[in-house]
Amino acid sequence: MATTITINVQNDSPTLQNFFFFQQPAIYTGGPDVYTNSLYSQALLPYATSGAILTFSLVLQDYAGVQQQVTPPAIGQPSGQLAATRAINVTPAAGGTPTKNTTTMTVTPSLGLSQPISTSGPQAGSFRIITPVYNPTLENYNAGSALQTLTGGVTLSNFVTAQPNTNLDCQPIRIFYVQTGNYTAGTVMNFTASSATAAVCDATPGYSSFSVVYNANGTWTIKPFALVRAADGRGRLVEGTTATNAEVLNEAGTATISTGYVADGNFNPPILVQNLSNPAAINVLGDYQVGPIGGAKVGTTCIEKQGTSATFAP
């Protein structure tokens with residue numbers, strides 16, 4: 001089952017508000033200015049009079065996306081029209097199992113992206129789009145990072161104007177924002193201005209759900225939650241303040257490479273660390289030191305890794 005991120009918004013102001021959602025732009029190499037699209041927008045009545053909650057959910061899967069430009073990107077305007085997307089994986093940390101991290105863009109006979117393949121070029125945490133030869137004075141394209149909602153739609157989240165015959169590397173950042181205003185999905189918005197006073201939902205530590213309240217004074221109250229498996233095997237949501245109680249150090253014990261959650265604080269091996277903040281840095285059969293944050297660590301080997309969880313044993 002695909003991992004999802006859910007943001008629940010409650011309007012505690014006295015009037016109807018429009019909210020829109022967007023993502024922090026990825027880190028790009030091989031492209032000029034970075035643009036951001038709105039992912040979703042919806043009006044929401046005050047909670048006190050309606051009891052309404054606005055829910056936005058997306059699939060935690062990276063997508064490469066390309067799109068035909070109609071005009072140069074402009075704030076408040078749709079970013080483009082004909083588009084193509086491919087589910088893709090980012091490059092793992094050194095020593096990790098190679099992933100299908102590279103796709104090739106085509107423009108004739110029509111716009112498209114090839115099935116991803118594994119290459120050694122992109123740096124850890126990024127994927128690559130190889131652009132073809134074309135004449136940018138006649139046609140231009142957007143290329144970058146896309147996201148899928150639970151309804152199946154895929155939106156180009158952030159992008160650059162692609163350059164012909166280049167390697168465009170994209171390192172997605174799993175930080176999302178909620179702001180008041182009305183930018184429909186696929187509309188270019190001003191990231192710098194909109195993010196300055198927005199609610200920040202940082203999913204990089206492994207959080208899967210966020211409670212966001214828009215207060216009457218224009219401020220935000222945000223609570224992150226992580227979906228974890230308790231010691232009895234049942235799933236449960238754990239508030240962010242308690243969802244990080246473990247850390248994974250390198251073999252020498254000189255640096256923390258990831259934090260996570262161990263159910264009930266039970267560090268008896270085998271140790272299941274969930275909600276890993278940096279799962280790409282952990283490799284099966286790699287040696288690590290694992291233990292409570294600030295506490296004693298034990299030398300272990302990663303014997304299994306699935307998604308944002310890994311199991312360690314001496």
Side-chain angles (χ1 to χ4, degrees), residues 3 5 24 26-29 60-62 88-102 116 118-128 145 169-176 200-208 224-231 238-314:
T3 302
I5 292 177
Q24 183 163 319
I27 299 171
Y28 288 88
T29 58
L60 198 58
Q61 164 67 57
D62 293 310
I88 199 166
N89 296 312
V90 298
T91 306
T97 302
T99 60
K100 295 181 178 181
N101 59 358
T102 300
S118 177
T119 66
S120 59
Q123 66 180 3
S126 69
F127 62 81
R128 173 169 291 176
S145 177
D169 289 354
C170 172
Q171 184 176 343
I173 299 175
R174 288 174 175 170
I175 300 177
F176 302 90
V200 183
C201 301
D202 186 353
T204 52
Y207 300 133
S208 58
F225 295 85
L227 180 62
V228 299
R229 193 170 72 216
V238 178
E239 192 173 342
T241 54
T242 58
T244 304
N245 64 356
E247 57 185 351
V248 181
L249 280 62
N250 58 7
E251 184 179 5
T254 56
T256 298
I257 60 174
S258 183
T259 58
Y261 175 80
V262 172
D264 301 329
N266 182 3
F267 287 87
N268 293 322
I271 305 168
L272 173 63
V273 183
Q274 307 170 71
N275 195 34
L276 288 165
S277 61
N278 189 16
I282 296 171
N283 301 313
V284 175
L285 300 182
D287 293 324
Y288 305 93
Q289 293 192 29
V290 179
I293 293 176
K297 306 297 187 292
V298 59
T300 64
T301 298
C302 176
I303 59 174
E304 183 181 10
K305 186 175 79 168
Q306 292 186 354
T308 59
S309 297
T311 303
F312 301 85

Side chain to side chain, I27 and I173, heavy atoms closer than 4.5 Å: yes

Validation row: V290, V273 side chains within 4.5 angstrom (heavy atoms): yes

Separation of K305 NZ from N283 CG (nearest 0.5 Å): 5.5 Å

T256 versus E247, side-chain donor and acceptor atoms under 3.5 Å: yes

N/O donor-acceptor pair under 3.5 Å between T119 side chain and T102 backbone: no

Set of residues satisfying side chain to side chain donor-acceptor pair (under 3.5 Å) with respect to D62, sequence neighbours excluded: R174

Nearest atoms (heavy-atom pairs only) where G125 meets P172: O-CD, 3.6 Å

Side-chain touch I282/Y288, heavy atoms, less than 4.5 angstrom: yes

Point-to-point distance, once rounded to the nearest 0.5 Å, from OG1 of T300 to CD of Q289: 8.0 Å

Within-4.5 Å side-chain heavy-atom neighbours: F127 and P122: no

Residues 307-314 side chain polar contacts: donor-acceptor under 3.5 Å, at least two apart:
none

Spatial distance of atom CD (Q306) from atom CG (L276) [nearest 0.5 Å]: 12.0 Å

With sequence neighbours excluded, residues passing side-chain contact (heavy atoms from CB on, under 4.5 Å) with Q61: V59, Y63, A87, N89

Straight-line distance of F225 CZ to E239 CD, nearest 0.5 Å: 5.0 Å

Exercise: identify the closest heavy-atom pair between V298 and I271: CG1-CD1, 4.1 Å

Side-chain donor-acceptor pair present, S126, T91, cut-off under 3.5 Å: no

Considering all heavy atoms, the nearest V262-L272 contact: CG2-O, 3.7 Å

Those residues that, when tested against E251, pass side chain to side chain donor-acceptor pair (under 3.5 Å) (two or more places apart): none

pair N278-V248: side-chain heavy atoms closer than 4.5 Å: no

Non-hydrogen atoms of P92 and A124 that approach each other most closely: O-CB, 3.6 Å

Short side-chain to backbone donor-acceptor contact, K297 and G295, under 3.5 Å: yes

Those residues that, when tested against T254, pass side chain to side chain donor-acceptor pair (under 3.5 Å) (two or more places apart): N250

Sequence neighbours excluded - salt bridge (Lys or Arg N to Asp or Glu O under 4.0 Å) pairs with any residue from residues 277-296: none

Non-hydrogen side-chain atoms of V284 and E304 separated by less than 4.5 Å: no

Y207 vs C201 side-chain heavy atoms within contact, under 4.5 Å: no

For G291 against F267, the heavy-atom pair lying closest together: C-CE2, 3.4 Å

